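Below you'll find the structure, written out as structure tokens, and then a few comments.
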Amino acid sequence: MALSQTQLTRMALDITSGLSNHDRFSRLLDTLRESMQCDAAALLEFKGQQFTPLAINGLSPDVLGRRFALQEHPRLEAIARAGDVVRFPADSDLPDPYDGLIPNQGDNLTVHACIGLPLIAEGTLIGAVTIDGFDPEQFKSFTNEQLRGISAIAAASLNNALLIDKLEKQALQSPWSKNNDNPQVSEGDKEIIGQSQVMRNLKQEITVVAPTALNVLIMGETGTGKELIAHEIHLGSDRASKPLVYLNCAALPESVAESELFGHVKGAFTGAVSHRSGKFEVADKGSLFLDEIGELPLSLQSKLLRVLQYGDLQRVGDDRSLKVDVRIIAATNKNLKDEVLAGRFRADLYHRLSVFPIIAPPLRDREQDITLLCGFFIERCRQQLGLQTLRLSPASLAMLEGYSWPGNVRELEHSIYRAAVIARAQYSGKNTMINPEHFEFAQVKSNSQKRSNSKIYPQFTGNLKQATAQFQAEYIRQSLLNNDNNWAATARNLEVDSGNLHRLAKRIGLK
């Protein structure tokens, strides 16, 4: 079977259509899979010596969250270096990055036919398309010339999307900065993962504020990734080539906090055996990230305010003033307005810091990102544990999506790492599957469920209306226990409106 002119034309027309990038890429893969009758396909972006999936078809959903480093995946490295169509032989000894990641095909299934199409724009590799099948003869009827046509269309589609994104960012940045395209800046392995609406809004806010000189206050629960947000803001600013200095205010003993922030001179206090620069001096011309700013002692808040207002500071034990140019990015898991009302935080400092507040959303408000985050963390685990394959069973993924995650993304990361270590100990070889029993909170929940199921339910009394209210209270209480006291999850479990559930709980005495 060969590619028809109609199918190639449909791919080309999708490039100029008014679709979103996600829809455009998905349609491209739909057409590709339909025309080539392949079992799986993926569109990948190449950046920072790694491939990032932008769209997938026929692969496990967590693949979208994985990041494929070239040195870890020899097939992808071969595609990146080839510059032309790559056909891997059916008996190739190079491990396929998608082995075991095609749903409903068994645990030990491996790909037999594989084609890689590097995507080139203006002589530069910008991505790749991978096409996989289980029949070793599956793609023999397709000529290299036809595959090059697909590659050219996909490259044009991806390049257009990247160009539009770049122009949009430049349009937002141009009033503030003339030098934001700094080739020396590398994002490293820090990345904000998420495609939910709240995360798209967050990324837009970061894009807007990053190139400005405004101070930023990041608010959110523990484990929501406030440090990653600070890192993205710094990278998007014209200070990106200068240091981003980190200081955890909660870990500072009050006796050394002033020295840590502003530095000291020799002999300023017992133990000051030499001059020492503080965090503000180190961050000069760069950014200073003050984590847990709500824990900063009141005695230091006034001195911090002076630096923010006038840009000058004094080292401990020194009468001279030093001028610094530092952008402050602060973060807190406290409600600073409440702290101000309680007299534990200065109102003027709060207003100075919160010129541009940003909310880091909790994981329970971005449930659709859990699959992506799982893929991201699992791929990292696979690399660190030296495993050829590390997968998450469908039951595990369903369980993770239904958990409330009070510890947010950090708890999810630690849970996956722990489960991966336990799963590796139970599997021989380098292919490992993470199952529900490998998660600690699943065992706690199972024990809680057993206790709940074994309890003796009360005998309902009174008239029908009163007995009905008693039953509702008991049933809601049981569901609430099974959902770790999370009312939103309980409402979804009971298939009722969250507001109605709260009102009912109050009426029957549960709240």
Side-chain angles (χ1 to χ4, degrees), residues 22 26 39-40 42 52-68 97-109 191-199 223-225 361-385 387-427 431-446 448-449 482-484 486 488-490 492-493:
H22 179 269
S26 295
D39 294 287
T52 299
L54 298 177
I56 58 174
N57 196 313
L59 294 168
S60 297
D62 67 271
V63 170
L64 273 178
R66 297 187 180 229
R67 302 296 180 260
F68 299 107
Y98 309 134
D99 281 351
L101 294 177
I102 299 181
N104 305 317
Q105 297 293 333
D107 290 345
N108 299 316
L109 185 67
E191 181 182 358
I192 296 177
I193 304 293
Q195 296 179 357
S196 61
Q197 186 58 53
V198 291
M199 291 306 291
T224 50
L363 191 52
R364 61 181 174 274
D365 290 347
R366 41 182 296 222
E367 291 178 357
Q368 68 187 88
D369 291 332
I370 290 177
T371 300
L372 301 182
L373 290 164
C374 287
F376 182 78
F377 294 135
I378 285 173
E379 181 62 19
R380 280 190 171 182
C381 285
R382 187 199 62 76
Q383 295 174 16
Q384 294 180 10
L385 297 177
L387 299 171
Q388 182 172 312
T389 303
L390 179 62
R391 290 171 288 155
L392 193 66
S393 71
S396 295
L397 182 57
M399 182 187 69
L400 296 179
E401 289 178 332
Y403 184 56
S404 59
W405 298 112
N408 295 296
V409 179
R410 185 178 298 142
E411 183 186 3
L412 173 62
E413 178 183 8
H414 292 169
S415 295
I416 288 178
Y417 273 56
R418 181 183 182 278
V421 171
I422 295 173
R424 181 184 63 168
Q426 294 182 1
Y427 282 84
N431 298 314
T432 302
M433 173 78 79
I434 301 177
N435 295 311
E437 62 269 19
H438 297 137
F439 290 92
E440 183 178 26
F441 68 82
Q443 298 166 9
V444 173
K445 187 172 182 178
S446 175
S448 174
Q449 179 74 50
N482 293 341
N483 287 283
D484 302 303
N486 184 297
T490 300
R492 288 192 297 271
N493 180 250

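For clarity, every value in this text was computed on a predicted model and none was experimentally measured.
The shortest distance between side-chain heavy atoms of Leu397 and Pro61 falls below 4.5 Å. Using a 4.5 Å heavy-atom cutoff, the side chains of Leu59 and Ile102 are in contact. Taking 4.5 Å as the limit, every side-chain heavy atom of Arg418 sits out of range of all side-chain heavy atoms of His414. No side-chain heavy atom of Gln384 sits under 4.5 Å from any side-chain heavy atom of Leu390.
Side-chain atoms of Trp405 come within 3.5 Å of backbone atoms of Leu400 as a donor-acceptor pair (strictly under, hydrogens ignored). In terms of modelled atom types and a separation under 3.5 Å, the side chain of Arg382 and the main chain of Leu387 share a donor-acceptor contact.
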Might you work through the side-chain hydrogen bond (donor to acceptor under 3.5 Å, both in side chains) test for Glu440 and Ser415, ending with a clear yes or no?
-> CA-CA 7 Å; Glu440 183 178 26; Ser415 295; over 6 Å; no

Kindly indicate, with the supporting measurements, whether the criterion salt bridge (Lys or Arg N to Asp or Glu O under 4.0 Å) is fulfilled by Glu413 and Arg410.
-> CA-CA 5 Å; Glu413 178 183 8; Arg410 185 178 298 142; over 6 Å; no

Evaluate the criterion side chain to side chain contact (heavy atoms under 4.5 Å, CB included) for residue pair Phe68 and Val63; output intermediate values, then yes/no.
-> CA-CA 10 Å; Phe68 299 107; Val63 170; 4.3 Å; yes

Verdict with supporting geometry, Ser196 and Asp369, side-chain hydrogen bond (donor to acceptor under 3.5 Å, both in side chains) | CA-CA 6 Å; Ser196 61; Asp369 291 332; 2.6 Å; yes

Tell me, with the steps shown, if Leu363 and Leu373 meet side chain to side chain contact (heavy atoms under 4.5 Å, CB included).
-> CA-CA 10 Å; Leu363 191 52; Leu373 290 164; 3.7 Å; yes

So Val409 and Arg366, side chain to side chain contact (heavy atoms under 4.5 Å, CB included) or not? Walk me through it.
-> CA-CA 10 Å; Val409 179; Arg366 41 182 296 222; 3.7 Å; yes

Trace of the side chain to side chain contact (heavy atoms under 4.5 Å, CB included) decision for Ile434 with Phe439 = CA-CA 9 Å; Ile434 301 177; Phe439 290 92; 3.5 Å; yes

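Atom CZ of Phe376 is separated from atom CD1 of Ile416 by 11.0 Å, given to the nearest 0.5 angstrom. Once rounded to the nearest 0.5 Å, the distance linking CZ of Arg66 with CZ of Phe377 reads 13.0 Å. Taken from CG in Asn435 to CE in Met399, the straight-line distance is 9.5 Å, to the nearest 0.5 Å. Taking NE2 from His438 and CZ from Arg424, the interatomic distance works out to 12.5 Å, rounded to the nearest 0.5 Å. Remark: Arg391 CZ to Leu101 CG distance equals 7.0 Å, nearest 0.5 Å. The distance from atom CD1 of Ile378 to atom CG of Leu392, rounded to the nearest 0.5 Å, is 4.0 Å.
When the side chain to side chain donor-acceptor pair (under 3.5 Å) test is applied to Arg364, the partners found at least two apart in sequence or on another chain are Glu221.
For the side-chain contact (heavy atoms from CB on, under 4.5 Å) with Leu64, the lone residue among Ile193, Thr371, Ile56 that qualifies is Ile56.
Contact between Ala420 and Leu385 at its shortest, heavy atoms only, is CB-CD1, 3.9 Å. Between Arg67 and Pro53, the closest heavy-atom pair is NH1-CD, 4.0 Å. When all heavy atoms are compared, the tightest approach of Gly223 to Asn408 is O-CB, 3.3 Å. Considering all non-hydrogen atoms of both residues, Ala395 and Pro436 come closest at CB-CG, 3.8 Å.
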